[in-house]
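To start, the structure under review is shown below, and the notes come after it.
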There are 2 protein chains.
Amino acid sequence: MNYKKEYAIMKRSLSVVEYRGEEMVMASIAKAISHPVRIKILELLASQQCCFTGELTEIIPMAQSTISQHLKALLDAGLIQGEINPPKVRYCINVENWHKAHVMFGSFFVPDRLSGCQCC
Amino acid sequence: MNYKKEYAIMKRSLSVVEYRGEEMVMASIAKAISHPVRIKILELLASQQCCFTGELTEIIPMAQSTISQHLKALLDAGLIQGEINPPKVRYCINVENWHKAHVMFGSFFVPDRLSGCQCC
DNA sequence: ATAATTAATCGTATAATTGCGATGAACTAT
DNA sequence: ATAGTTCATCGCAATTATACGATTAATTAT
């Protein structure tokens with residue numbers, strides 16, 4: 001979760017908007033997959049073409065430290081999990097949160113929400 | 001689409017990774033919804049509680065210029081569309097791209113992809 | 001012990017995002 | 001014409017993200 005308290009409750013003049021936790025979670029997951037390299041990493045992990053950081057650095061043309069940074073972002077978002085297997089670290093999709101993301105994005109973009117648009 | 005050519009084809013030593021257009025599109029849509037205010041705006045537009053910028057500025061406690069900036073981000077991502085209705089501007093969900101996003105995220109997070117994980 | 005391997009973290013530079021007030025453009029109403 | 005309304009855009013400041021090389025930590029192999 002990357003968003004600070006300032007977003008949790010916002011005040012201005014008379015109105016107060018409180019973001020539901022769901023909005024914050026969605027935003028942070030969306031942020032995690034808002035970079036093509038991180039999407040690529042998830043695709044590679046999901047397809048089981050590789051699991052170790054080292055293999056990722058061979059496939060994705062970026063510095064090891066950069067890959068590691070992106071892995072951390074995905075880890076923080078809960079989309080992947082790491083298992084230390086010295087001297088390597090094995091990364092996998094976090095299946096539970098993968099399913100949650102599926103439900104969350106699925107219900108967010110669900111067409112039924114748009115049923116009542118009168119104006120366009 | 002926010003990502004430059006530098007991402008489209010990346011080279012490093014021997015390897016070359018080319019991002020599929022789909023990865024770029026997903027990343028840019030994810031970026032668009034990576035902020036709770038923009039999620040809020042989409043929810044408001046989807047539920048038809050409002051359509052005009054002015055109404056949004058009453059509900060969301062941020063400066064009008066900030067809301068306008070967020071609307072532009074959603075517009076650039078293709079998630080909403082605007083119709084000038086002087087002196088107001090009416091915003092709506094872009095239904096076509098909403099459906100595309102539904103399919104795209106739905107198939108990205110689809111559980112079947114994870115069938116073959118041997119390592120965890 | 002020593003060297004080698006793997007990956008996280010640190011420091012740094014650059015770029016992008018976010019938020020705001022002020023201004024400007026387009027149009028309406030008087 | 002003049003004033004008012006609505007919203008986009010500009011300019012600025014502060015924060016955050018991105019990428020890299022260098023270093024460090026943890027572990028294995030010799």
Side-chain angles (χ1 to χ4, degrees), chain A residues 1-8 10-13 17 19 24 27-28 30-41 45 50-77 80-92, chain B residues 1-7 10-13 17 19 27-28 30-41 45 50-77 80-92:
Chain A
M1 182 73 65
N2 263 327
Y3 292 101
K4 316 289 169 49
K5 290 131 280 171
E6 66 194 271
Y7 288 129
M10 304 181 78
K11 300 186 186 193
R12 189 189 168 89
S13 53
V17 167
Y19 294 101
M24 308 288 285
S28 68
K31 190 189 279 270
I33 59 174
S34 71
H35 192 294
V37 165
R38 291 196 290 267
I39 291 181
K40 187 78 184 174
I41 290 173
L45 292 183
C50 72
C51 245
F52 296 109
T53 304
E55 300 174 274
L56 289 171
T57 59
E58 279 166 24
I59 294 172
I60 298 170
M62 307 198 95
Q64 177 266 323
S65 59
T66 306
I67 304 280
S68 193
Q69 228 169 0
H70 283 305
L71 286 168
K72 182 167 165 35
L74 292 170
L75 208 51
D76 290 347
I80 62 174
Q81 58 196 153
E83 176 198 317
I84 295 170
N85 207 321
K88 300 190 174 185
V89 176
R90 202 200 290 273
Y91 282 104
C92 293
Chain B
M1 181 75 64
N2 262 327
Y3 292 102
K4 318 289 171 49
K5 288 134 281 171
E6 66 193 272
Y7 287 128
M10 303 181 77
K11 300 186 185 191
R12 189 189 168 88
S13 54
V17 168
Y19 294 102
S28 68
K31 191 189 279 271
I33 59 173
S34 71
H35 193 293
V37 165
R38 292 196 290 268
I39 291 181
K40 188 78 185 173
I41 290 173
L45 292 184
C50 72
C51 245
F52 295 109
T53 305
E55 298 174 275
L56 289 171
T57 59
E58 278 166 26
I59 295 173
I60 299 170
M62 308 198 95
Q64 177 266 322
S65 59
T66 305
I67 304 278
S68 192
Q69 228 169 359
H70 282 306
L71 285 169
K72 181 167 165 34
L74 292 171
L75 208 52
D76 290 347
I80 62 173
Q81 57 196 151
E83 177 199 317
I84 295 171
N85 208 322
K88 300 190 176 187
V89 176
R90 201 200 290 273
Y91 283 103
C92 293

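Each chain gets a letter, A, B and so on, in the order its sequence line appears, and its residues count up from 1. Since the model is a prediction, treat every value here as computed from it, not as a measurement.
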Are [X] and [N] close enough that a side-chain N or O sits under 4.0 Å from OP1 or OP2?
X: A:S68; N: C:dA8; value: yes
X: A:T66; N: D:dC20; value: yes
X: B:Y91; N: D:dT6; value: no
X: A:R90; N: C:dT6; value: no
X: B:H70; N: C:dT17; value: no

How would you list, by chain and number, every residue that makes a side chain to side chain contact (heavy atoms under 4.5 Å, CB included) with A:T66, sequence neighbours excluded?
->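 Once residues adjacent in sequence are excluded, the partners of A:T66 under the side chain to side chain contact (heavy atoms under 4.5 Å, CB included) criterion are A:M62, A:A63, A:H70.
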In whole angstrom, what separates [X]'s [atom1] from [N]'s [atom2]?
X: A:I67; N: C:dT6; atom1: CD1; atom2: C1'; value: 14 Å
X: A:I60; N: D:dT18; atom1: CD1; atom2: P; value: 14 Å
X: B:E58; N: D:dT6; atom1: CD; atom2: C1'; value: 12 Å
X: B:N85; N: D:dA8; atom1: CG; atom2: P; value: 13 Å
X: A:K88; N: C:dA8; atom1: NZ; atom2: P; value: 13 Å
X: B:L71; N: C:dT18; atom1: CG; atom2: P; value: 13 Å
X: A:M62; N: D:dA17; atom1: CE; atom2: P; value: 16 Å
X: B:K31; N: D:dA17; atom1: NZ; atom2: P; value: 10 Å

Are any of the side-chain heavy atoms of A:L71 and A:V89 separated by less than 4.5 Å?
->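 SC-SC contact between A:L71 and A:V89 ruled out.
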Qualifying residues under salt bridge (charged side-chain N to carboxylate O under 4.0 Å, His left out), relative to B:K72, sequence neighbours excluded |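 B:K72 satisfies salt bridge (charged side-chain N to carboxylate O under 4.0 Å, His left out) with B:D76 only.
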Pairs involving residues 62-71 of chain A, ordered by first then second residue, that meet salt bridge (charged side-chain N to carboxylate O under 4.0 Å, His left out) (sequence neighbours left out) =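 Salt bridge (charged side-chain N to carboxylate O under 4.0 Å, His left out) check on residues 62-71 of chain A returns no pairs.
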When you get a sec, tell me which of D:dA19, D:dG21, C:dA7 is the closest nucleotide to the side chain of A:H35?
->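 Nucleotide nearest to A:H35's side chain: D:dA19.
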Of the nucleotides D:dA19, D:dT9, C:dG19, which one has an atom closest to the side chain of B:K72?
->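 In terms of side-chain proximity for B:K72, the closest of D:dA19, D:dT9, C:dG19 is D:dT9.
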Annotated protein contacts, base or backbone, on nucleotides 22-30 of chain D with a non-hydrogen cut-off under 4.0 Å, one of B, S, - each | B----SS--
Taking atom [atom1] of [X] and atom [atom2] of [Y], what is their separation to the nearest 0.5 Å?
X: B:R38; Y: B:Q69; atom1: CZ; atom2: CD; value: 9.5 Å
X: B:I33; Y: B:I41; atom1: CD1; atom2: CD1; value: 13.0 Å
X: B:T57; Y: B:I67; atom1: OG1; atom2: CD1; value: 6.5 Å
X: A:S68; Y: A:Q64; atom1: OG; atom2: CD; value: 5.5 Å

Would you tabulate the pairs of protein nitrogen or oxygen atoms and nucleotide nitrogen or oxygen atoms of nucleotides 11-14 of chain D closer than 3.5 angstrom?
none

Is the side chain of B:S34 donor-acceptor paired with the backbone N or O of B:K31 at a distance under 3.5 Å, no angle test?
->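 Between the backbone of B:K31 and the side chain of B:S34 there is a qualifying donor-acceptor contact (under 3.5 Å).
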Taking every non-hydrogen atom, the tightest pair across A:L45 and A:Y91 |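 So the two residues come closest at CD2-O, 3.5 Å.
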